[in-house]
Amino acid sequence: MSTIAFRATAEDQALVQELMREGETTSDVLRHALRVLRRERWQEQMQADADRIEASGEDLSTEPDAW
């Protein structure tokens, strides 16, 4: 495992403390935040793909199921 450091502002530190659950460390909060950000990005990409398909006029409901 490696260490990643960043310069947290007072606001960052306050936010970590606010979000920290009992028994969690700062690292736990940051790990959770990174996973939430990854899921948010995945959802944005999924929405962009859906918007692109809709704009193309393609109707996926007419396609045969792949499974």
Side-chain angles (χ1 to χ4, degrees):
M1 206 182 279
S2 66
T3 299
I4 298 174
F6 78 102
R7 291 178 181 86
T9 64
E11 184 180 356
D12 296 334
Q13 292 173 355
L15 187 55
V16 167
Q17 291 301 313
E18 176 187 330
L19 296 172
M20 191 177 290
R21 295 177 184 146
E22 187 174 333
E24 282 187 324
T25 65
T26 298
S27 293
D28 294 332
V29 173
L30 296 176
R31 280 187 202 99
H32 183 84
L34 289 170
R35 283 161 182 78
V36 169
L37 181 58
R38 178 178 57 190
R39 182 175 42 235
E40 186 179 281
R41 296 266 173 95
W42 180 81
Q43 289 173 333
E44 289 171 358
Q45 184 59 53
M46 188 174 58
Q47 185 63 56
D49 290 344
D51 293 343
R52 180 182 44 75
I53 290 168
E54 182 180 21
S56 75
E58 185 178 357
D59 185 356
L60 296 179
S61 67
T62 62
E63 299 289 325
D65 289 337
W67 34 281

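All figures in this text were calculated on a predicted structure; none of them were measured in a lab. Below, each value reflects all heavy atoms present in this structure, side chains not excepted, and no hydrogens, waters or symmetry copies.
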Side chain to side chain donor-acceptor pair (under 3.5 Å): which pairs involve residues 6-17, sequence neighbours left out?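 Passing the test, one end in residues 6-17: Thr9-Asp12.
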
Residue pairs passing the side chain to side chain donor-acceptor pair (under 3.5 Å) test where at least one lies in residues 32-44, sequence neighbours excluded: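 Qualifying pairs, neighbours excluded: none.
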
Restricting to pairs with a member in residues 54-67, which pass salt bridge (charged side-chain N to carboxylate O under 4.0 Å, His left out), not counting sequence neighbours?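 Not a single pair qualifies under salt bridge (charged side-chain N to carboxylate O under 4.0 Å, His left out).
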
Return the set of residues passing side-chain contact (heavy atoms from CB on, under 4.5 Å) with Thr25 (not counting sequence neighbours), or none when no residue passes.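 Partners of Thr25 under the side-chain contact (heavy atoms from CB on, under 4.5 Å) test: Ser27, Asp28.
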
In the hydrophobic clustering (ILVMFWY, side-chain contacts below 4.5 Å, transitive), which residues join Leu34, or is it alone?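 Its cluster mates, by chain and number: none.
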
What residues join Leu19 in its hydrophobic cluster, counting side-chain heavy atom gaps under 4.5 Å, either direct or through other members?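 Listed partners: Phe6, Leu15, Val16, Met20, Val29, Leu30.
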
Salt bridge (charged side-chain N to carboxylate O under 4.0 Å, His left out) partners of Asp49, counting only residues at least two apart: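 So Asp49 forms a salt bridge (charged side-chain N to carboxylate O under 4.0 Å, His left out) with Arg52.
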
